[in-house]
Participant: 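Quick one: the structure is below, questions incoming.
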Number of protein chains: 2
Amino acid sequence: MTDIDATDCRILAILQRDSSVSMEELSEQVNLSRNACWRRVKNMEAAGVIRGHAAILDAEKLGCGLAALVFIRAANHDPDWLEKFRRAVATIPHVVEAYRMSGDLDYMLKVQVADMRAYDRFYQKLIRTVPLADVSASFVMEEIKENRGLPLEPV
Amino acid sequence: MTDIDATDCRILAILQRDSSVSMEELSEQVNLSRNACWRRVKNMEAAGVIRGHAAILDAEKLGCGLAALVFIRAANHDPDWLEKFRRAVATIPHVVEAYRMSGDLDYMLKVQVADMRAYDRFYQKLIRTVPLADVSASFVMEEIKENRGLPLEPV
DNA sequence: CGTGAAACAGACCGACC
DNA sequence: GGTCGGTCTGTTTCACG
């Protein structure tokens with residue numbers, strides 16, 4: 001596997017912000033020839049460093065402008081419950097992200113819905129599907145920093 | 001502004017998962033001619049429904065495989081503090097997302113770092129920069145559902 | 001909205017220094 | 001890594017039904 005140098009990082013930083021740039025522009029910005037730049041990009045795609053490309057959509061304009069963080073404590077920890085929980089999370093499209101966490105909260109979901117009413121519908125649906133010991137939600141009032149991708153500066 | 005119909009939604013669903021598809025493939029998948037499909041995409045880009053394109057990178061391979069959620073209560077709520085906090089959040093690249101929340105937690109950050117030691121460095125840096133009343137972190141043990149984009153169907 | 005066709009840009013990929 | 005130059009796919013616009 002190729003290891004990532006500073007130039008690769010610059011390429012990645014650009015691409016994770018805007019992958020619609022042409023090779024021409026990209027190579028100029030990192031001071032490489034078009035071909036050298038292209039080879040680096042291809043290498044990183046092959047290595048899986050670049051996993052893919054996605055269109056970034058506007059939540060507001062698509063009618064799901066309310067984001068909620070849902071903190072969950074499991075009712076029990078048997079594999080059967082876990083399986084059901086996972087399935088629910090995978091199935092419901094409004095669950096945008098789901099994490100199993102350390103500490104005393106078991107799971108956190110990020111949920112994207114139209115409004116409070118929609119959230120409540122989601123909530124009812126969730127607890128109908130999976131028994132949950134403790135659920136609490138907090139709503140996103142303001143996005144201070146939106147996902148700009150991974151930190152690529154050497155720490 | 002164009003309103004989004006079911007076909008548009010199908011286009012968006014495909015693009016937010018993989019925007020590297022060609023117009024040819026995309027149009028086939030939604031049963032439109034290449035041209036008609038292209039017009040829809042351009043319209044949605046112009047309308048800002050499609051905000052851009054991004055490369056999806058592999059956190060593990062880029063040495064920031066540890067994600068933490070940081071829950072913060074502000075030391076005080078004067079505008080001066082807020083300004084400082086915002087600046088810190090915007091500046092530190094390891095803060096991947098930041099939200100002002102409802103309820104009794106004020107802010108939540110998602111932080112992406114190499115490991116625990118790196119997290120501690122981040123933490124020290126943060127509290128050195130901004131006074132914080134209460135900070136607690138929880139670490140992502142497992143990503144159950146990774147960001148697959150917005151839900152494109154009603155609840 | 002569909003078709004076809006034409007013009008063009010840019011990706012892609014060899015060979016070579 | 002740079003350069004050259006080629007092919008070829010895909011985008012972008014036509015005009016028209």
Side-chain angles (χ1 to χ4, degrees), chain A residues 1-58 61-63 147-155, chain B residues 1-59 61-64 148-154:
Chain A
M1 191 184 118
T2 346
D3 48 17
I4 311 298
D5 65 14
T7 307
D8 285 330
C9 279
R10 294 183 59 204
I11 291 173
L12 292 172
I14 293 167
L15 289 182
Q16 84 175 158
R17 269 189 176 258
D18 179 11
S19 67
S20 68
V21 292
S22 67
M23 271 299 154
E24 188 70 32
E25 291 174 75
L26 183 61
S27 57
E28 277 171 24
Q29 287 189 53
V30 297
N31 291 313
L32 279 181
S33 73
R34 210 185 329 160
N35 224 327
C37 189
W38 177 81
R39 283 192 286 245
R40 278 172 183 264
V41 171
K42 286 298 140 186
N43 280 341
M44 291 192 285
E45 280 175 356
V49 175
I50 297 173
R51 291 171 51 192
H53 300 266
I56 309 301
L57 308 184
D58 190 304
K61 294 206 168 89
L62 286 166
N147 200 327
R148 293 226 175 274
L150 301 172
L152 292 167
E153 289 143 49
V155 190
Chain B
M1 189 185 119
T2 346
D3 48 15
I4 312 297
D5 65 13
T7 307
D8 285 329
C9 279
R10 295 184 57 204
I11 291 173
L12 292 173
I14 293 167
L15 289 181
Q16 85 175 158
R17 268 187 176 259
D18 179 11
S19 67
S20 68
V21 291
S22 67
M23 272 298 156
E24 189 69 32
E25 291 175 75
L26 183 61
S27 56
E28 278 170 23
Q29 287 189 53
V30 296
N31 291 312
L32 279 180
S33 74
R34 207 192 333 177
N35 224 323
C37 188
W38 179 81
R39 281 192 288 246
R40 279 171 184 263
V41 171
K42 287 298 140 186
N43 280 341
M44 290 191 287
E45 281 175 355
V49 175
I50 298 174
R51 291 172 50 191
H53 301 267
I56 309 301
L57 309 183
D58 189 304
K61 296 205 167 89
L62 287 166
C64 48
R148 292 228 175 271
L150 302 172
L152 293 168
E153 17 173 320

Participant: Between A/Arg40 (CZ) and C/dC13 (P), how many Å, whole number?
Facilitator: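 Rounded to whole Å, this separation is 18 Å.
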
Participant: Looking at A/Gln29, is its backbone amide N or carbonyl O close enough to the side chain of A/Arg10 to form a donor-acceptor pair, meaning the two atoms are under 3.5 Å apart?
Facilitator: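 Yes: the side chain of A/Arg10 pairs with the backbone of A/Gln29.
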
Participant: Can you list everything that forms a salt bridge (charged side-chain N to carboxylate O under 4.0 Å, His left out) with B/Glu25? Sequence neighbours excluded, please.
Facilitator: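 None.
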
Participant: When every nucleotide of nucleotides 10-17 of chain D is labelled 5' to 3' by its protein contacts under 4.0 Å (heavy atoms), B for base, S for sugar-phosphate only, - for none, what sequence of letters results?
Facilitator: SBSBB---

Participant: For A/Asp18, what residues pass the salt bridge (charged side-chain N to carboxylate O under 4.0 Å, His left out) criterion, not counting sequence neighbours?
Facilitator: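 A/Asp18 satisfies salt bridge (charged side-chain N to carboxylate O under 4.0 Å, His left out) with no residue once adjacent residues are dropped.
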
Participant: Ignoring hydrogens, what is the shortest heavy-atom contact between A/Ser19 and B/Ala55? Give both atom names and the distance.
Facilitator: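 Taking A/Ser19 first and B/Ala55 second, the nearest heavy atoms are CB-N, 3.6 Å.
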
Participant: Quick one: are B/Gln16 and B/Leu152 in side-chain contact, heavy atoms under 4.5 Å?
Facilitator: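 Side-chain contact under 4.5 Å: yes.
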
Participant: For DNA chain C, what dot-bracket results from Watson-Crick or G-U pairs at under 3.5 Å, with [ ] for crossers and | for inter-strand partners?
Facilitator: |||||||||||.|||||

Participant: Applying salt bridge (charged side-chain N to carboxylate O under 4.0 Å, His left out), can you list everything that pairs with A/Arg148, at least two apart in sequence or on another chain?
Facilitator: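 A/Arg148 satisfies salt bridge (charged side-chain N to carboxylate O under 4.0 Å, His left out) with no other residue.
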
Participant: Once you round it to whole Å, what is the distance between P of C/dA11 and CD of A/Glu45?
Facilitator: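 A/Glu45 atom CD is separated from C/dA11 atom P by 12 Å.
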
Participant: Would you mind telling me which of A/Ile4, A/Val41, A/Asp8 makes a side chain to side chain contact (heavy atoms under 4.5 Å, CB included) with A/Val49?
Facilitator: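 It is A/Ile4; the other options fail the test.
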
Participant: Sequence neighbours excluded, which residues qualify as side-chain contact (heavy atoms from CB on, under 4.5 Å) partners of A/Glu24?
Facilitator: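 side-chain contact (heavy atoms from CB on, under 4.5 Å) list for A/Glu24, sorted by chain: A/Ser22, A/Glu28, A/Arg34.
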
Participant: Please report, rounded to the nearest Å, how far the C1' atom of D/dG1 is from the CG atom of A/Asp8.
Facilitator: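 Taking CG of A/Asp8 and C1' of D/dG1, I get 13 Å after rounding.
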
